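Computed from a prediction, not measured in an experiment: that's the story for all the values here.
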Amino acid sequence: MNVHIWQKTIPKPVFMFIYSIIFILAFILTAGLINTVLPSDNNPQNLGDISIKLQYFAKHKDDYNVIFMGPSTTYQGVVPKVFNEVMAAHGKRVKSFNFGIMAANIAEMDFYLQKILDLKPANLKWIFLDCLVNSFIENSPTASKNVYWHTPLKTIENFHLIAESNYTLKSRIIGFYANFVSFLYRWLGIGYFSNSWQQQGDKLQPDGLPTVVSNDRLLEEAGYYSMDWMKDHEKREQVFQFNYLESYKKRLKEAKLGVFEQKDTSGQRFNSYGIKMIQQIVARIDSSEKVSKNKILPIFFIPPVLEDDVDHFPIIKAYELGYIPTLFAFNDPNAFAALYGIDSRADGRHLNHQGAQEFTRILAAEFYEHF
């Protein structure tokens, strides 16, 4: 049956609707293929503090032999200046850079790890990795920070993490939807062919994330920026003190007594996708040696955060199975009591500047003793 016969047998409105659907699908497919084939900007200008860090590191990549990667617990928890000083006191000269990214889960962190390795930093020897596996619900899926890294592969990885999580069905549906929106914006090239991201200043930083006040200070501190220096930090501190402090004290007491146990560690989680992604990160770092001719060692660490805030199971299990070579764990509030004290906390999950300095001193000492 040719098109002419179809036009006679099918009502014109239905025929036009079919043509419209075909056009829309063709447009979506073409836009996606174009954005997949054409290289994206390796140094985007509209990612806020991520752009600042990425561009600075690209220019000074050969100056550093240590970098720290992870979410906000790394961003606001590891002080490069302190790390360098402790190592120097032990007779070891290092220069470190904090490439922490607020709210970055393991898929987003791996995306930027690839960018860093592609730069082929000549003197990079150690990469510290803080892997956040159970975080994938985005408050602002159309924000440039979330859109930029949602390639088809990274979106599929996040879908895997959502599917096997122990979140409620409602939360998982929200997670699928938000990640699909971010992927769709990237697939259609929104932001590549217009200035929409740059013009919408409120979209540069996803809702609910702290905002850096001074980019100059961010670079002076080699990528570290304390929670104490963030915009509206006094307000955030008051919210924690009045609304969450007692809950934190209770959970801390339970953790010290061993009352709390990590949720659901049965069955399929022993083959979890989070573990597979950790293996993928190790393999990516190992394979970079073939290109750069520079041996880089991955060092995984667990920051001082209570177990019910962050799921540490994948990284601990990956270490037990021998998939990762080194793991420094600071999730024991009895062994590292000072890091969990109220004087060291900005909130239940993050250290303040005092706590970050103390944590970095302990981390550097552990690193020196190990190597």
Q | Exercise: identify the closest heavy-atom pair between Val305 and Tyr340 | A |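 Looks like N-OH, 3.3 Å.
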Please find the pair of heavy atoms, one from Thr360 and one from Val79, that lie closest to each other, and give the distance.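 Residues Thr360 and Val79, closest heavy atoms: OG1-N, 2.9 Å.
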Taking only residues two or more places apart in sequence, or in another chain, which ones meet [X] in a salt bridge (Lys or Arg N to Asp or Glu O under 4.0 Å)?
{"X": "Asp228", "value": "none"}
{"X": "Lys81", "value": "Glu221"}
{"X": "Glu320", "value": "Lys317"}

Subject >> Remaining members of hydrophobic cluster (4.5 Å side-chain criterion), Ile173 >> reply: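 Cluster partners of Ile173: Leu169.
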Taking only residues at least two apart or on different chains, which pairs with a member in residues 82-91 satisfy salt bridge (Lys or Arg N to Asp or Glu O under 4.0 Å)?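 Sorted pair list comes back empty.
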Salt bridge (Lys or Arg N to Asp or Glu O under 4.0 Å) contacts touching residues 351-371 (sequence neighbours left out):
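As it turns out, the salt bridge (Lys or Arg N to Asp or Glu O under 4.0 Å) pairs with a partner in residues 351-371, which skip direct neighbours, are Glu358-Arg361.
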By ring-ring contact (aromatic ring centres under 6.0 Å, His included), which residues pair with [X], not counting sequence neighbours?
{"X": "Tyr319", "result": "none"}
{"X": "Phe83", "result": "Phe68, Phe128, Phe367"}
{"X": "Tyr368", "result": "His90"}
{"X": "Tyr112", "result": "none"}

Discussion item. Looking at Glu157 and Lys154, is there a salt bridge between them, counting it only when a charged N and a carboxylate O are closer than 4.0 Å?
Written reply: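 Salt bridge between Lys154 and Glu157, a charged N being under 4.0 Å from a carboxylate O: yes.
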Under 3.5 Å: donor-acceptor pair, side chain of Asn146, backbone of Ser140
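Yes.
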Sequence neighbours left out, cut at 3.5 Å: what donor-acceptor pairs do the side chains of residues 345-355 make with other protein atoms?
unit_1	atom_1	unit_2	atom_2	d
Arg345	NE	Asp347	O	3.4
Arg345	NH1	Pro304	O	3.1
Arg345	NH1	Leu339	O	2.8
Arg345	NH2	Pro304	O	3.2
Arg345	NH2	Gly348	O	3.0
Arg345	NH2	Arg349	O	3.3
Asp347	OD1	Arg349	N	2.9
Asp347	OD1	His350	N	2.6
Asp347	OD1	His350	ND1	3.0
Asp347	OD2	His350	ND1	3.1
Arg349	NH2	Asp309	O	2.6
His350	NE2	Ser72	OG	2.6
Asn352	OD1	Gln354	N	3.2
Asn352	OD1	Gly355	N	2.7
Asn352	ND2	Asp343	O	2.8
His353	ND1	Tyr224	OH	2.8
His353	NE2	Gln357	NE2	3.4

Of the options Lys276, Lys115, Arg284, which is the one that meets Asp110 in a salt bridge (charged side-chain N to carboxylate O under 4.0 Å, His left out)?
->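 For Asp110, the salt bridge (charged side-chain N to carboxylate O under 4.0 Å, His left out) check succeeds only for Arg284.
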Chi angles and distances behind the side chain to side chain donor-acceptor pair (under 3.5 Å) call for Thr155, Asn179: CA-CA 7 Å; Thr155 304; Asn179 280 270; over 6 Å; no
Only distances under 3.5 Å count here; give the side-chain donor-acceptor pairs of residues 324-336 to other protein atoms, sequence neighbours excluded, each with its distance to 0.1 Å.
unit_1	atom_1	unit_2	atom_2	d
Asn331	ND2	Glu307	OE2	2.4
Asp332	OD1	Asn334	N	2.9
Asp332	OD1	Ala335	N	3.4
Asn334	ND2	Lys256	O	3.0

**Asked** In terms of ring plane angle, is the pair Trp229 and Tyr225 parallel, tilted or perpendicular, where the classes change at 30° and 60°?
**Response**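 Judged by the thresholds at 30° and 60°, the geometry between Trp229 and Tyr225 is perpendicular.
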Checklist entry - Pick from Leu113, Asn98, Leu124: which one makes a side chain to side chain contact (heavy atoms under 4.5 Å, CB included) with Ile67? => result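 Among Leu113, Asn98, Leu124, the one meeting side chain to side chain contact (heavy atoms under 4.5 Å, CB included) with Ile67 is Leu124.
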Fill in: Heavy-atom side-chain proximity of Asn158 to Trp149 below 4.5 angstrom
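Yes. Closest side-chain heavy atoms under 4.5 Å.
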